[in-house]
Amino acid sequence: MEKSRKKFIDVIDKAIVAGNTMDRDELLFSYKGVLYPVTLCSLEVFRAMESFEARSDDVILAGYPKSGTNWVGQILNDLVATFEKKRRDEEKSVSDEELEEFPYLEIGDTEKYERMKKLPFRRVILTHLAPGNLPKSIFKNKAKILLLIRNPKDVATSFFHFSNAWSALPSYETWDDFFVAFMTEKMPWGSYFNYLSEWNKYAADENVMTITYEELKENRDMGVKNIASFLGISLTGEELRSVVERSSFQSMKENSLKTHGALGSMLFRKGGVSDWKNLFSEEQNEKMDKVFEERIARTKLGAKLKYEVYCKA
Ligand code: A3P
């Protein structure tokens with residue numbers, strides 16, 4: 001079941017065009033104390049989102065920007081589509097294009113949540129929102145939540161390059177300027193550290209599974225199997241292998257013009273671990289180590305991140 005990506009590419013293209021015509025300080029707006037890009041989000045859509053009714057079989061992929069959400073989104077959609085294809089009649093009364101919604105919950109138009117009620121199959125929904133800003137029904141109706149986390153130094157590095165590549169986000173003259181903004185809560189979708197400490201409160205819930213970018217990078221076979229079993233999806237070894245192959249960095253990058261349009265070349269950058277070593281100064285390392293130690297290190301998510309392995313020179 002190859003999903004249509006037409007709406008995705010349209011939204012992205014419009015954001016690129018709009019971003020190009022705007023001044024840097026017009027690109028973000030604040031909602032409940034958190035910044036968001038005006039070319040993607042709006043107050044009206046945030047208000048409409050409150051009516052979103054989660055289903056118990058929904059799969060919510062929660063990840064801070066640049067944690068690998070497009071990667072794990074591909075794996076989830078592929079697992080669900082492969083599984084559903086076996087169970088469902090191939091004949092579809094409506095086309096994929098009609099059923100397509102922008103994959104991130106908080107991005108779209110105000111009618112999106114009404115249309116989503118009619119989606120006939122298991123819904124895979126991505127979000128960068130902290131749990132307190134998500135519709136309550138996600139927790140009340142016990143949707144499955146896959147929480148994706150990535151070490152903060154690689155997140156910051158990826159976010160810096162992405163901000164300078166994509167016109168919808170404010171760009172930075174220097175890495176040092178970006179680092180200050182990252183550490184002082186000036187990022188779209190808020191502070192990395194707030195995000196992790198908020199999600200940490202849910203990390204032990206039975207309907208929440210946490211996965212790290214780094215563990216998936218080290219063993220994609222195992223990661224895909226664990227995700228499938230969390231979702232109760234059983235596939236043959238060959239089907240699982242195909243999902244693993246289609247989610248390689250190489251394969252996603254090659255396919256990216258089709259799946260992500262102009263965003264593809266900005267998004268699929270290096271796809272590795274430890275690129276932060278090319279940017280962080282000694283002083284910046286010390287600053288981030290200190291904040292991580294104070295806010296995250298002793299939490300469940302902090303332990304999962306293996307900071308000593310991935311964030312020490
Ligand atoms: P880099 O900028 O470090 O290369 P998001 O999707 O949340 O915006 O995250 C983007 C990051 O995930 C980018 O990191 C991108 O290269 C990486 N990524 C995307 N697909 C990947 C894949 N198949 N394997 C590994 N990393 C991937």
Side-chain angles (χ1 to χ4, degrees), residues 5 8-9 11-12 15-16 36-37 40-41 60-79 102-107 124-130 146-169 171-172 175 178 182 187-190 192 195-196 199 210-224 227 241-280 305 310-311:
R5 299 280 289 185
F8 179 93
I9 292 171
V11 169
I12 294 298
I16 292 174
Y36 300 95
L40 297 173
C41 300
I60 311 290
L61 170 64
Y64 187 77
K66 312 321 292 170
S67 300
T69 49
N70 283 274
W71 181 19
V72 179
Q74 151 77 27
I75 293 172
L76 285 174
N77 275 304
D78 205 358
L79 283 171
F102 196 83
Y104 291 82
L105 182 66
E106 62 272 27
I107 300 174
V124 175
I125 301 162
L126 279 56
T127 181
H128 293 315
L129 295 175
L146 181 63
L147 176 60
L148 169 67
I149 56 176
R150 186 183 190 186
N151 82 71
K153 292 187 180 176
D154 280 331
V155 165
T157 303
S158 179
F159 217 155
F160 169 61
H161 291 293
F162 193 60
S163 301
N164 280 356
W166 195 24
S167 60
L169 302 178
S171 58
Y172 290 84
W175 156 251
F178 177 88
F182 188 85
M187 291 294 102
W189 280 279
Y192 173 94
Y195 183 92
L196 252 75
W199 270 111
T210 307
I211 187 166
T212 69
Y213 179 97
E214 294 78 13
E215 73 177 274
L216 196 58
K217 190 76 201 165
E218 272 176 22
N219 192 341
R220 213 161 69 250
D221 288 81
M222 182 63 80
V224 168
I227 295 171
R241 259 192 307 283
S242 299
V243 174
V244 171
E245 272 163 30
R246 286 191 287 264
S247 64
S248 75
F249 181 73
Q250 205 49 36
S251 153
M252 287 188 69
K253 192 179 167 78
E254 276 165 21
N255 216 12
S256 69
L257 192 60
K258 217 169 84 197
T259 56
H260 289 75
L263 195 71
S265 61
M266 309 171 204
L267 190 80
F268 299 94
R269 194 184 61 91
K270 286 202 168 170
V273 172
S274 296
D275 194 32
W276 61 268
K277 290 182 182 168
N278 294 315
L279 285 177
F280 275 69
L305 274 175
Y310 295 110
C311 286

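Counting convention: from 1, in listed order, for ligands and their atoms alike.
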Test of proximity, [X] against ligand 1: N or O pairs below 3.5 Å:
| X | answer |
| --- | --- |
| Arg269 | yes |
| Gly68 | yes |
| Ser247 | yes |
| Thr69 | yes |
| Lys270 | yes |

[X] contact mode with ligand 1 (heavy-atom cut-off under 4.0 Å):
| X | answer |
| --- | --- |
| Arg150 | side chain |
| Ser158 | both |
| Tyr213 | side chain |
| Leu267 | both |

Original post:
Are the side chain of Ser251 and the backbone of Arg246 linked by a donor-acceptor contact shorter than 3.5 Å?
Top reply: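 Present.
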Subject >> Member of Tyr64, Tyr104, Trp199 meeting the ring-ring contact (aromatic ring centres under 6.0 Å, His included) criterion with His128 >> reply: Tyr104
Original post:
Under the criterion ring-ring contact (aromatic ring centres under 6.0 Å, His included), which of Phe160, Phe162, Phe178, Phe159 is the partner of Tyr172?
Top reply: Phe178
Original post:
Any salt bridge between Asp221 and Arg241, counting N to O under 4.0 Å?
Top reply: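 Judged by the 4.0 Å cut-off on N to carboxylate O distance, Asp221 and Arg241 do not form a salt bridge.
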